Amino acid sequence: MQPEELLAYIKNILLSLAKLDNIKLVNLEKLAVIKPKLEEYGDWATNAALIYAKQFRSNPKNLAEKIVEKLLENSKIDKIDVAGPGFLNIRLKKQARSSVVENILQQKEDFGKSQILQNENINLEFVSANPTGPLHIGGTRWAAVGDSLGNLLLSQGAKVVKEYYFNDHGAQIDNFVNSIIAKYYGKPLPEDGYDGQYIVDLADKIMPEFQNKPQAEIYEQVRARAVELMFEQIKQSLHTFGTNFDVFFHENSLYKTGQVEKAIEELNSRGFIYEKDSALWLKTSEFGDDKDRVLRKSNEQWSYFAADVAYYKNKRERGFKTCVYMLGIDHHGYIGRLQAAAKAYGDNEENIKFLIGQFVNIIKDGKAVKLSKRAGNIITLDNLIATVGVDAARYSLIRSSVNTPIDLDLDLIVLHTNENPVYYVQYAYARCCNVVKNAYALDNILPKKIQAREFDLSFLQKSSEKDLLTTLALYPSILEIAAKKYEIHRVARYLEDLARKYHAFYSHLRVLPNTKSEIEPIHIARLALNNATAQILKNGLSLLGVSAPERM
RNA sequence: GCGCCCGUGGCUCAAUGGAUAGAGCGUUUGACUACGGAUCAAAAGGUUGGGGGUUCGAAUCCCUUCGGGCGCGCCA
């Protein structure tokens with residue numbers, strides 16, 4: 001019996017008890033089945049009595065006894081203790097404990113998937129860096145986290161679109177293009193211009209065909225060409241990093257199709273727009289923003305914010321129920337105004353969400369590297385991949401909560417040691433695969449028995465075996481929690497835990513008999529456990545976009 | 001000044017309001033002439049920045065204070 005099944009069972013007991021007493025239970029989502037602190041407590045524990053005692057106008061001990069009485073009617077449950085303030089520690093019967101292995105072997109890559117988010121239609125927007133230079137480390141955190149989070153949400157039944165907002169409109173681009181032209185003719189760069197080897201490379205690539213023509217004539221063509229090349233390079237870097245977007249949305253399209261005017265006209269008809277100092281303002285302060293924001297500047301041009309508003313409107317009109325913005329901490333000031341714009345359209349919190357990623361500090365030679373465009377020491381995504389590899393880079397960025405700043409020590413990540421636990425997890429998988437390979441070599445009856453489910457898992461009674469079983473059973477609930485909270489790092493942490501349990505199991509016990517001994521039922525049971533572990537490691541790593549190598 | 005985020009062993013980080021706050025690195029000590037030692041077993045190391053409060057129960061929620069990061073344009 002897996003924890004989800006137990007949870008559903010307990011929930012039903014609570015509801016029927018409540019019905020008897022004519023009570024309507026609230027906060028049912030707080031009910032949890034967890035892994036007990038210590039193994040000797042039992043297989044699973046629940047907080048049911050602690051949480052709902054008050055609603056039953058009872059105390060935890062009394063409610064616990066009522067629940068226990070009902071729970072014991074379940075033939076899969078062996079024994080229950082009421083511990084501490086009112087925890088229920090549940091011990092399953094032998095057979096019920098190992099069903100998770102059969103389920104995993106049955107469902108394979110589908111194990112862990114669910115439909116809990118089937119009513120969600122989510123737009124995930126991330127990276128969205130300006131096409132004025134190579135992707136740097138700031139956008140990289142989201143390239144890893146956003147992509148993996150999308151995979152996770154998808155696995156829980158949500159409709160998900162991964163989207164990149166491509167800022168191909170405005171002064172930054174002008175600056176970028178002028179920098180390329182100036183560089184080519186050896187003229188001084190514009191103020192706030194862009195510099196670096198990539199500007200030289202772009203100039204060499206683009207400019208020769210436009211040589212000796214007046215700048216005014218060629219500007220549009222150079223611009224189109226430069227943006228296109230830069231954009232291709234960014235896409236390619238992301239692709240190499242394993243991050244592929246479903247939609248690249250062009251800011252320019254909002255202007256070309258008149259969506260900016262339309263979006264603002266609607267806000268006007270809702271009465272949230274006014275004119276002051278010959279500019280057009282949105283009353284964002286009515287919805288919690290610090291101050292009102294300009295939509296159309298006094299020079300008649302639309303502000304960047306105007307496009308943002310139109311873009312949000314566009315997403316909602318495409319049918320997304322939830323628009324998720326993944327921003328760097330340096331952009332958290334946008335939250336107030338965008339949220340306000342959403343509310344001005346009559347939307348609420350569930351329609352617009354923000355994930356704020358803290359900075360990634362790069363450590364080199366024991367010191368933080370100050371990233372500065374001027375100094376030309378920007379660390380790009382391509383640099384990072386070249387020095388540490390995709391797996392190590394992605395994993396390092398994913399395994400921490402986004403609201404924790406992380407220090408990436410480049411000298412340590414490259415080492416193939418536990419400084420980067422990705423190798424620890426991958427090694428566990430490689431070990432599993434090696435055992436399978438050895439099993440084939442030993443006797444091909446073994447894989448056949450696994451295939452035919454001819455094994456008896458009740459032989460798995462050693463503590464390292466039970467520990468591994470319990471951890472495997474936790475996988476679906478980890479995905480569920482991680483998806484509901486938009487916290488992909490939980491999956492990585494879980495995989496480390498699973499790898500640890502596997503390594504311990506592997507070290508203490510032999511899966512296969514050595515060549516001089518007979519194959520016994522215990523070996524077949526352990527092989528099944530080995531294969532189930534391999535499957536979960538692979539499933540989890542694939543959500544993270546990290547490879548699962550069979551050999552290392 | 002105002003707003004947001006953060007503060008957990010020496011270091012890097014975990015922990016749906018749950019039991020004795022967990023891992024890895026580093027330090028110390030052990031373990032294969034049997035499935036890969038990129039492993040395992042064990043030890044030392046914590047008043048979760050400080051103070052108050054809510055709760056049966058707080059690293060987690062509230063208040064306050066200290067420290068750090070970031071943001072406060074008719075820039076994009």
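Computed from a predicted structure; not experimentally measured.
- Put simply, A/Arg431 has a side-chain N or O that comes within less than 4.0 Å of OP1 or OP2 on B/G37.
- Using a 4.0 Å heavy-atom distance criterion, A/Ile356 is classed as making no nucleic acid contact.
- Taking atom CG on A/Asp289 and atom P on B/G73, their separation rounds to 11 Å, with Å as the unit.
- Taking the nucleotide of RNA chain B with the nearest heavy atom to each of A/His332 and A/Tyr304, the more 5' of the two is matched to A/His332.
- Applying the ring-ring contact (aromatic ring centres under 6.0 Å, His included) test to pairs two or more places apart or on separate chains, none has a residue in residues 507-528 of chain A.
- With B/C6, B/C74, B/C70 as the candidates, the nucleotide lying closest to the side chain of A/Phe359 is B/C70.
- Looking at residues two or more places apart in sequence or on another chain, you find a salt bridge (charged side-chain N to carboxylate O under 4.0 Å, His left out) between A/Asp497 and A/Arg500, A/Lys501.
- Across all strands shown, the partner of B/G3 is B/C70, judged by Watson-Crick or G-U wobble contacts whose two distances both fall under 3.5 Å.
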With sugar-phosphate taken as primed atoms, P, OP1 and OP2 and all else as base, the protein-contact string of nucleotides 56-63 of chain B at under 4.0 Å (heavy atoms; B, S, -) is B-------

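- In this structure, the CG atom of A/Asn403 is 17 Å from the P atom of B/C70, given to the nearest Å.
- The salt bridge (charged side-chain N to carboxylate O under 4.0 Å, His left out) search around A/Lys538 returns none, not counting sequence neighbours.
- Remark: ring of A/Tyr41 overlaps the six-membered base ring of B/A19 in a stacked fashion, centroids less than 5.5 Å apart, planes less than 30° apart.
- The side chain of A/Ile329 sits closest to B/C70 out of B/C70, B/A19, B/A15.
- Between A/Phe231 and A/Phe248, the angle of the ring planes goes over 60°, which puts this pair in the perpendicular group of the 30/60° scheme.
- Heavy-atom minimum distance, A/Asn89 versus A/Tyr41: CB-O, 3.0 Å.
- A/Gln358 has its CD atom 11 Å from the P atom of B/A14, to the nearest Å.
- Comparing the C1' positions of B/U55 and B/G17 gives a spacing of 9 Å, expressed to the nearest Å.
- A gap of 32 Å separates the P atoms of B/C61 and B/A44, to the nearest Å.
- Comparing atom distances between the A/Asp330 side chain and each of B/C74, B/A19, B/C70 picks out B/C70 as nearest.
- With sequence neighbours excluded, the residues that form a side-chain hydrogen bond (donor to acceptor under 3.5 Å, both in side chains) with A/His250 are A/Asp168.
- A heavy atom lying under 4.0 Å from RNA chain B marks the following residues of residues 274-282 of chain A, by number: A/Lys276, A/Asp277, A/Ala279, A/Trp281.
- When the nucleotides B/G36, B/U16, B/C74 are ranked by their closest atom to the side chain of A/Ala32, B/U16 comes out on top.
- Residue A/Arg500 is in sugar-phosphate contact alone, with no base atom involved, counting any heavy-atom pair closer than 4.0 Å across all strands shown.
- The side chain of A/Ser507 contributes no N or O atom lying less than 4.0 Å from OP1 or OP2 of B/A41.
- With both ends at atom C1', the span from B/G9 to B/U27 equals 13 Å, rounded to whole Å.
- The C1' atoms of B/G46 and B/G36 are separated by 37 Å, rounded to the nearest whole Å.
- In this model, the phosphate group of B/G22 is approached by a side-chain N or O of A/Lys37 to a distance below 4.0 Å at OP1 or OP2.
- If you take OH on A/Tyr311 and CD on A/Gln259, they are separated by 11.0 Å, rounding to the nearest 0.5 Å.
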Could you go through residues 172-180 of chain A and list every donor-acceptor pair under 3.5 Å that involves a side-chain atom there, pairing it with any protein atom two or more places apart or in another chain?
{"residue": "A/Gln172", "atom": "OE1", "partner": "A/Tyr194", "partner atom": "OH", "Å": "2.9"}
{"residue": "A/Asp174", "atom": "OD1", "partner": "A/Tyr219", "partner atom": "OH", "Å": "2.8"}
{"residue": "A/Asp174", "atom": "OD1", "partner": "A/Arg223", "partner atom": "NH1", "Å": "2.8"}
{"residue": "A/Asn175", "atom": "ND2", "partner": "A/Asp192", "partner atom": "O", "Å": "3.4"}
{"residue": "A/Asn178", "atom": "ND2", "partner": "A/Asp174", "partner atom": "O", "Å": "3.1"}
{"residue": "A/Ser179", "atom": "OG", "partner": "A/Asn175", "partner atom": "O", "Å": "2.7"}
{"residue": "A/Ser179", "atom": "OG", "partner": "A/Tyr194", "partner atom": "N", "Å": "2.9"}

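- Within the nucleic acid shown, A/Ala53 has no heavy atom closer than 4.0 Å to any nucleic acid atom.
- Listed by chain and residue number, A/Lys35 satisfy the salt bridge (charged side-chain N to carboxylate O under 4.0 Å, His left out) test with A/Asp467 (two or more places apart in sequence, or in another chain).
- Contact annotation: A/His489 side-chain N/O to B/A15 OP1/OP2 distance is under 4.0 Å.
- Nearest to the side-chain atoms of A/Lys485 among the listed nucleotides B/C6, B/U16, B/G36 stands B/U16.
- Within the structure, salt bridge (Lys or Arg N to Asp or Glu O under 4.0 Å) contacts touching residues 421-431 of chain A (residues at least two apart or in different chains) do not occur.
- Taking atom P in both B/G71 and B/A58, one finds a spacing of 37 Å when rounded to whole Å.
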With 3.5 Å as the limit, what N/O pairs link the protein to nucleotides 29-34 of chain B?
{"residue": "B/A34", "atom": "O2'", "partner": "A/Arg510", "partner atom": "NH1", "Å": "2.6"}
{"residue": "B/A34", "atom": "O2'", "partner": "A/Arg510", "partner atom": "NH2", "Å": "3.4"}
{"residue": "B/A34", "atom": "N3", "partner": "A/Asn514", "partner atom": "ND2", "Å": "2.6"}

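- Across the strands present, B/G45 finds no partner; the criterion is a Watson-Crick or G-U wobble pair with both atom distances under 3.5 angstrom.
- In this structure, A/Lys291 does not reach the B/G73 phosphate: none of its side-chain N or O atoms is under 4.0 Å from OP1 or OP2.
- The gap from the C1' atom of B/U64 to that of B/C25 amounts to 37 Å, rounded to the nearest Å.
- Residues A/Cys432 and A/Ala534 come closest through the heavy atom pair CB-CB, 3.6 Å.
- Under the salt bridge (charged side-chain N to carboxylate O under 4.0 Å, His left out) criterion, A/Arg141 pairs with no residue at all, not counting sequence neighbours.
- In this model, the phosphate group of B/C40 is approached by a side-chain N or O of A/Tyr424 to a distance below 4.0 Å at OP1 or OP2.
- For residues 466-493 of chain A, the ring-ring contact (aromatic ring centres under 6.0 Å, His included) pairs, not counting sequence neighbours, are A/Tyr475-A/Tyr494.
- Of the candidates B/C40, B/C75, B/C70, the closest approach to any side-chain atom of A/Lys297 belongs to B/C75.
- Side-chain contact of A/Asp407 with A/Asn361: a donor-acceptor pair under 3.5 Å is present, judged by distance alone.
- Comparing the C1' positions of B/G45 and B/U29 gives an interatomic distance of 15 Å, to the nearest angstrom.
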